[in-house]
Amino acid sequence: MIHIRRIQEDGADVIALIGEIDASSSIELDLAIAKSVGEGFEKILVDCGALEYISSAGLGVFMSYIEEFKDRGIKMVLFGMSDKVWHTFSILGLGELLQIGKDKVEAKQMIA
């Protein structure tokens, strides 16, 4: 089960993920990102500090936005991942395709 909270901070939309993202809850992640884009945000920070698990479906949500964000000039940075969650991203090579910062300060610098 996932709980998603959005707050706006310094011109960026911060999407905080709390809990686990699996096939059924990945839809909620997709809706949160789509809403952020729909509201015109060009800087999106994804707080993974309280993300305990992410399935391939959840990873697929992030992957599905890579080309669109590149085309539209939208910057998205994920940050605060636990070692377990980072391992899931890195084993699939997603650390190369997505921008990932260690904490919010670094993530903000990456989208500046």
Side-chain angles (χ1 to χ4, degrees):
M1 177 141 195
I2 189 73
H3 177 71
I4 298 175
R5 191 182 46 168
R6 289 178 58 223
I7 59 168
Q8 289 69 51
E9 191 174 301
D10 300 326
D13 196 26
V14 182
I15 301 173
L17 307 177
I18 303 155
E20 301 181 351
I21 298 177
D22 58 18
S24 61
S25 60
S26 66
I27 296 165
E28 293 178 54
L29 173 61
D30 191 29
L31 290 173
I33 295 172
K35 189 169 186 177
S36 181
V37 172
E39 291 176 7
F41 286 97
E42 295 180 351
K43 297 177 180 179
I44 301 170
L45 298 174
V46 182
D47 182 350
C48 300
L51 181 61
E52 299 164 10
Y53 167 82
I54 186 164
S55 71
S56 58
L59 295 170
V61 170
F62 290 118
M63 298 305 296
S64 71
Y65 284 98
I66 290 175
E67 287 302 316
E68 177 185 353
F69 284 6
K70 193 180 297 182
D71 293 344
R72 295 177 65 174
I74 297 171
K75 294 182 180 178
M76 178 175 66
V77 179
L78 291 74
F79 70 92
M81 290 181 190
S82 67
D83 289 342
K84 178 182 172 185
V85 171
W86 166 245
H87 182 70
T88 305
F89 277 82
S90 65
I91 204 165
L92 296 171
L94 301 183
E96 312 278 322
L97 300 173
L98 298 168
Q99 289 193 289
I100 301 173
K102 67 179 188 321
D103 55 30
K104 187 187 269 187
V105 172
E106 184 176 272
K108 283 184 174 183
Q109 291 171 347
M110 292 170 77
I111 63 167

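- Ile44 is listed as a side-chain neighbour of Val37, based on a closest heavy-atom distance under 4.5 Å.
- Other residues, nucleotides and ligands contribute only 12 or fewer heavy atoms inside 6.0 Å of the CD atom of Glu96.
- The pair Lys43-Glu9 does not count as a salt bridge, with every side-chain nitrogen at least 4.0 angstrom from each carboxylate oxygen.
- Considering every non-hydrogen atom in both Val77 and Ala107, the closest pair reads CG1-CB, 3.7 Å.
- More than 12 non-hydrogen atoms from other residues, nucleotides or ligands lie less than 6.0 angstrom from CG of Asp71.
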Tell me which donor-acceptor pairs under 3.5 Å the side chains of residues 58-65 have, and how far apart each pair is, sequence neighbours excluded?
| unit_1 | atom_1 | unit_2 | atom_2 | d |
| --- | --- | --- | --- | --- |
| Ser64 | OG | Val61 | O | 2.7 |
| Tyr65 | OH | Asp30 | O | 3.3 |
| Tyr65 | OH | Asp30 | OD1 | 2.6 |

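- No salt bridge links Lys84 with Glu52; every basic N to acidic carboxylate O contact stays at or beyond 4.0 Å.
- In this structure, Val46 and Phe79 have side chains that are not in contact, with every pair of non-hydrogen atoms separated by 4.5 Å or more.
- A single hydrophobic cluster is not seen to contain both Ile4 and Met1; linkage of ILVMFWY side chains at heavy-atom distances under 4.5 Å, directly or through other members, places them apart.
- Taking CD of Glu106 as the start and CD of Gln99 as the end, the distance is 10.0 Å to the nearest 0.5 Å.
- In this structure, Glu39 CD and Gln8 CD are separated by 6.5 Å, a value rounded to the nearest 0.5 Å.
- Using a distance-only test at 3.5 Å, with no hydrogens or angles considered, a donor-acceptor pair links the side chain of Ser25 to the main chain of Glu20.
- The two residues Ser26 and Ile21 come nearest to each other via the heavy atoms CA-CG2, 3.8 Å.
- How far CD1 of Ile18 is from NE2 of His3: 4.5 Å, rounded to the nearest 0.5 Å.
- The pair Lys104-Asp47 does not meet the salt-bridge criterion, since no charged nitrogen lies less than 4.0 angstrom from a carboxylate oxygen.
- Atom OG of residue Ser36 and atom CZ of residue Arg6 lie 5.0 Å apart, to the nearest 0.5 angstrom.
- Just one residue in the list Leu29, Ile54, Leu51 forms a side-chain contact (heavy atoms from CB on, under 4.5 Å) with Ile2, and that residue is Leu51.
- A single hydrophobic cluster is seen to contain both Ile100 and Ile33, as judged by linkage of ILVMFWY side chains at heavy-atom distances under 4.5 Å, directly or through other members.
- The two atoms that bring Ala32 and Ile15 nearest to each other are O-CD1, 4.1 Å, heavy atoms only.
- Both Leu94 and Trp86 belong to a common hydrophobic cluster when Ile, Leu, Val, Met, Phe, Trp and Tyr are linked at side-chain heavy-atom distances under 4.5 angstrom.
- Between Phe89 and Met81, the closest side-chain pair of non-hydrogen atoms falls below 4.5 Å.
- Residues Ile66 and Phe69 share a single hydrophobic cluster, defined by chaining ILVMFWY side chains whose heavy atoms lie under 4.5 Å apart.
- Hydrophobic clustering keeps Ile111 apart from Leu98 (ILVMFWY residues linked when any side-chain heavy atoms are closer than 4.5 Å, directly or through intermediates).
- The shortest distance between side-chain heavy atoms of Tyr53 and Thr88 does not fall below 4.5 Å.
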